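This report refers to the structure that appears directly beneath it.
Sequence lines set the chain letters: A, B, ... in the order given, protein chains first and strands last, and positions in each chain run from 1. Remember, predicted model here, so these are calculated numbers, not experimental data.
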2 protein chains.
Amino acid sequence: MKVTPYEVQGEIDYDKLIKEFGTKPITDELLERIKKHTGELHEVLRRKIFFSHRDLDLILNEYERGNKFVLYTGRKPSDNVHIGHLLVWKFTKFLQDKFNVELYFQMTDDEEFLFKKRSLEEANKFAYENALDVIACGFDPKKTKIIIDTEYIKTMYPIALKVAKHLTLSTSKAVFGFKNDNNVGQVFFTCMQSVPALLPSVLKGEPTQVLIPHAIDQDPHFRITRDIAPKLGFPKPASIHSIFLPGLKEGGKMSASDPMSAIFVTDTPEQIKKKIMNAFSGGRETTEEHKKLGGNPDIDIPFQYLRIFFEPDDVKLKKIYDDYKAGKILSGEMKQICLEKAIEFIEDHQKKREGSRKVVDKFILRD
Amino acid sequence: MKVTPYEVQGEIDYDKLIKEFGTKPITDELLERIKKHTGELHEVLRRKIFFSHRDLDLILNEYERGNKFVLYTGRKPSDNVHIGHLLVWKFTKFLQDKFNVELYFQMTDDEEFLFKKRSLEEANKFAYENALDVIACGFDPKKTKIIIDTEYIKTMYPIALKVAKHLTLSTSKAVFGFKNDNNVGQVFFTCMQSVPALLPSVLKGEPTQVLIPHAIDQDPHFRITRDIAPKLGFPKPASIHSIFLPGLKEGGKMSASDPMSAIFVTDTPEQIKKKIMNAFSGGRETTEEHKKLGGNPDIDIPFQYLRIFFEPDDVKLKKIYDDYKAGKILSGEMKQICLEKAIEFIEDHQKKREGSRKVVDKFILRD
């Protein structure tokens, strides 16, 4: 198992990741504390899809003392926004609503350029395109600022330099697995990803707590931020970590080169249908066998997509789970349930996405 | 002998440096070509104080075809501007006047911060202070733009990223001698120093030749720029290299920690007097011996300062040289000649420097 922001390999054991990364599991006690403020728990909390954290308890302590935190999450802009990204963003929107807090959303067009075969101009264009998907999640325009690195660099660069001065080459290499043939921009980049975690303190002129919802593979960036922040007089950012959304194929791997492995926000209903109908199933070889022995929802990708993303209702989800296990729902039927939810969601998202074009400029933070 | 932008060690053999760096000596033929355009040759050319170049002949070819070049030089801003810096700047001013060309002057406040025990805020303040010394050299405000890295970063960052993508960690380490305990900002920084060499092409929207006058220790930065520029569709920058101004002490070493080793632009006449009177002399032990055997102007630091900086008149300089060698000028007299020139120069510079405060804003390029 290898998990860095730039490479995820092997079978993911999330309990092991918690130990390796030194994060903490989200306990039922912590969920109860959150519930006091949110009223209800988002399904990704109830289902431990956000399963790990750093200092979320401290964030709640401060919040309960009347000190609001600021949310920060982000995206390496590209042409492949999929359900897995929306998973984090929609949960972030929930946190913004329930805690009534600001969000800084970072579009790392510099990172996309430095790490991918992509021109900087294309990466920047995708930052604007992806911003539509972010805004479509329903963030409050008064409380949400989207940062595009190359366009907010005058504010960010001095902060990035201060991080850089505390980050040795050997640490950057060790944390991200960089080698001598990596480019010098890649080695420097994590300093830019640290900036939004420190920016609220800079802009407000006082130490400001930041909470970063993100998929667990991004943790190495924020380990560095947490190490350096106190040296610069800033609080360590807290974080809350999601699992990865599994890919649609066998083994649950998502592959950047295989569009069949993920549902993208730009997919047509026909594309979604083709993908879900071909998704890896936990059903039996034959209908007869399935009816007799039942399916395995725990490895069934359409069921997992319902659990992780498409079906917020726990009661309905449990019934689907039980019925599948009992052989009352066939694999094709499970796919159909998932498909209907997926098409409904994506069509709604695409409408909201187009509606966002008019307001995108209100969200972009510029020097 | 070790010469990098960050470390100069050992006895400097300039002929060997030309071979090691792969530059070309400035030949008499090249000087004749320059003279066709400048009318007279600046003494630093006549005396081979600017002794080496890259592609200066190509710059002249293009110039003769009617294609103007742009000058670029710079400074890591700090509190120690001395005669050695002015040597390059005053020659750059000569080139600007004679060829009627633009100059981009880069103040690398980011570099000063990343490489020195200095806050970024102090480094930025010194950028403004040092700009006064640059302007005092008499550059044409209509043709001269001063870039302070942190303040022009929005324009520079995309270009720096494009350089970074072509620069591996191993090259940066090999060229500058960086180790794993260097910080990641230091490893990235050279990309920023490349930017002004490419900027004229970006701003003008067409390939534009750039000529960089600089002390030879900065060559490693521009070797990298020259390697990468064509990959980005830009012309390779040309350069013209000066020797180092020797320090005032024995062995001609300048030491950052010893203010007695250099004449700073902020020195008082008393300080200058003390420094020159204590400078390393090529005179004999006793006056009698000196009168009989003569002194050695080639190792006499006050004479070298006259040759390199303070005495533009070749006839006068030769007479001082010959008279010192013949024992007709004593060591104390040589120091007195140098001292008078130095005080006159520094007092004049300080007046011009203060006068520059009113106009500094006209020179600063901002995003």
*Given that the side chain runs from C-beta out, which part of B:Asn182 has a heavy atom under 4.5 Å from chain A: side chain, backbone, both or neither?*
backbone
*Show your working on side-chain contact (heavy atoms from CB on, under 4.5 Å) between A:Tyr157 and B:Thr150 and close with a plain yes or no.*
CA-CA 7 Å; A:Tyr157 187 59; B:Thr150 61; 4.2 Å; yes
*Just by distance, do the side chain of A:Lys154 and the backbone of B:Glu151 share a donor-acceptor pair under 3.5 Å?*
yes
*Is there a side-chain contact (heavy atoms from CB on, under 4.5 Å) between B:Thr168 and A:Asn183 once you walk through the steps?*
CA-CA 4 Å; B:Thr168 63; A:Asn183 74 56; 5.6 Å; no
*asked:* Heavy-atom pairs under 4.5 Å with chain B: which of A:Asp109, A:Asp149, A:Asp110, A:Thr171 has the most?
replied: A:Asp110
*asked:* Check this for me: B:Lys204, atom NZ, are more than 12 non-hydrogen atoms of other residues, nucleotides or ligands nearer than 6.0 Å?
replied: yes
*A:Lys231 atom NZ: more than 12 heavy-atom contacts under 6.0 Å*: yes
*Grab the two heavy atoms, one from A:Leu169 and one from B:Lys179, that are nearest each other, plus how far apart they are.*
CD2-O, 3.7 Å
*Segment of B:Glu121 engaging chain A (4.5 angstrom heavy-atom cut-off)*: side chain
_Identified side-chain contact (heavy atoms from CB on, under 4.5 Å) partner of A:Val184 from the options B:Leu167, B:Ile224, B:Val163_ = B:Leu167
*Donor-acceptor contact below 3.5 Å, side chain B:Lys165 vs main chain A:Lys116*: yes
*For B:Leu161 and A:Leu120, what are the C-alpha separation, side-chain angles and deciding distance, and is it a side-chain contact (heavy atoms from CB on, under 4.5 Å)?*
CA-CA 8 Å; B:Leu161 286 173; A:Leu120 187 54; 4.0 Å; yes
*asked:* If you count heavy-atom pairs within less than 4.5 Å of chain B, which of A:Gly185, A:Ser170, A:Cys191 leads?
replied: A:Ser170
